[in-house]
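Reckoned from all heavy atoms, side chains included, excluding hydrogens, waters and symmetry mates. This structure is a prediction, so every number in the text was calculated from the model and none was measured.
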Amino acid sequence: MANLRFKGRQKGSTKKITTITDPLLGDYKILSDEDNYSLIYTDSLSKKEKVIGYYTQLGGALKRVVRNQMVEKQPVYSLKEYLNELETTLEKLKNLID
């Protein structure tokens with residue numbers, strides 16, 4: 001029977017991780033392991049990394065990057081401007097993947 005005082009994975013067990021970086025992602029990178037995609041933001045001034053979120057699908061992480069980049073670019077949009085910018089940026093990422 002397992003010891004209930006121990007938490008987490010067994011000693012010595014590791015996960016294989018893949019890092020996804022691209023100029024279109026800017027200061028973001030995506031770490032992929034066998035369970036999820038982790039979205040990481042690296043502050044360009046302090047070089048500190050911050051986990052933004054965990055996603056089960058790559059598309060969810062990419063949409064979050066696009067939304068964050070839009071806010072960094074311009075804080076106020078009309079509805080039409082926001083949807084056009086979102087669609088244009090997502091199309092760029094889609095073309096990159098295809």
Side-chain angles (χ1 to χ4, degrees):
M1 183 168 172
N3 189 337
L4 298 178
R5 290 183 293 148
F6 296 130
K7 297 187 181 347
R9 290 182 272 145
Q10 286 183 318
K11 182 178 179 181
S13 70
T14 59
K15 288 186 172 187
K16 294 182 181 184
I17 297 176
T18 301
T19 303
I20 302 169
T21 59
D22 192 88
L24 285 177
L25 296 177
D27 293 333
Y28 296 89
K29 67 181 175 183
I30 299 171
L31 302 181
S32 170
D33 62 30
E34 62 259 11
D35 296 327
N36 64 33
Y37 297 94
S38 303
L39 181 59
I40 311 291
Y41 174 75
T42 304
D43 185 7
S44 56
L45 298 176
S46 66
K47 303 297 182 199
K48 289 187 178 181
E49 293 185 344
K50 179 181 178 184
V51 177
I52 301 297
Y54 302 97
Y55 302 88
T56 56
Q57 296 180 357
L58 180 60
L62 292 175
K63 285 181 182 178
R64 179 70 185 264
V65 169
V66 170
R67 288 195 329 255
N68 286 358
Q69 287 177 342
M70 287 176 58
V71 169
E72 292 167 3
K73 184 190 291 187
Q74 180 180 334
V76 178
Y77 289 93
S78 70
L79 182 58
K80 187 174 183 177
E81 289 173 335
Y82 181 82
L83 293 175
N84 285 337
E85 182 71 24
L86 183 63
E87 185 177 317
T88 303
T89 309
L90 287 174
E91 190 65 33
K92 286 180 190 177
L93 287 172
K94 184 179 177 186
N95 290 337
L96 178 70
I97 293 170
D98 292 339

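In terms of hydrophobic clustering, with Ile, Leu, Val, Met, Phe, Trp and Tyr side chains grouped at heavy-atom distances under 4.5 Å, Tyr54 and Ile20 are assigned to different clusters. Clustering ILVMFWY residues whenever any of their side-chain heavy atoms sit less than 4.5 angstrom apart, transitively, puts Val71 in a cluster other than the one holding Leu24.
The two residues Lys29 and Thr19 come nearest to each other via the heavy atoms CD-CG2, 4.0 Å. Contact record, Met70 with Tyr77: O-OH, 3.0 Å, taken as the closest heavy-atom pair. Nearest heavy atoms, Lys16 versus Glu34: N-OE1, 3.7 Å.
Heavy-atom neighbours of Glu72 CD from other residues, nucleotides or ligands within 6.0 Å: above the threshold of 12.
Going from atom CG of Leu25 over to atom CG of Leu39 covers 8.5 Å, rounded to the nearest 0.5 Å. Here CG of Asn84 is found 10.5 Å from OG1 of Thr89. Values are rounded to the nearest 0.5 Å. Taking OH of Tyr55 as the start and CG of Asn36 as the end, the distance is 11.0 Å to the nearest 0.5 Å. Between atom OH of residue Tyr28 and atom OG1 of residue Thr21 there is a gap of 15.5 Å, rounded to the nearest 0.5 Å. One finds the CZ atom of Arg67 at 8.5 Å from the CG atom of Leu86 (value rounded to the nearest 0.5 Å). Atoms CG and CG, on Asp35 and Asp33 in that order, are 5.0 Å from each other to the nearest 0.5 Å.
In this structure, the side chains of Leu62 and Ile30 come closer than 4.5 Å at one or more pairs of heavy atoms. The side-chain heavy atoms of Gln74 and Glu81, taken from C-beta on, include a pair separated by under 4.5 Å.
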Working for side chain to side chain contact (heavy atoms under 4.5 Å, CB included), residues Val65 and Ile52: CA-CA 9 Å; Val65 169; Ile52 301 297; over 6 Å; no
May I have the list of side-chain donor-acceptor pairs in residues 40-47 shorter than 3.5 Å, sequence neighbours left out?
{"unit_1": "Asp43", "atom_1": "OD1", "unit_2": "Leu45", "atom_2": "N", "d": "3.4"}
{"unit_1": "Asp43", "atom_1": "OD2", "unit_2": "Ser46", "atom_2": "OG", "d": "3.0"}
{"unit_1": "Ser46", "atom_1": "OG", "unit_2": "Lys48", "atom_2": "N", "d": "3.4"}
{"unit_1": "Lys47", "atom_1": "NZ", "unit_2": "Ser44", "atom_2": "O", "d": "3.3"}

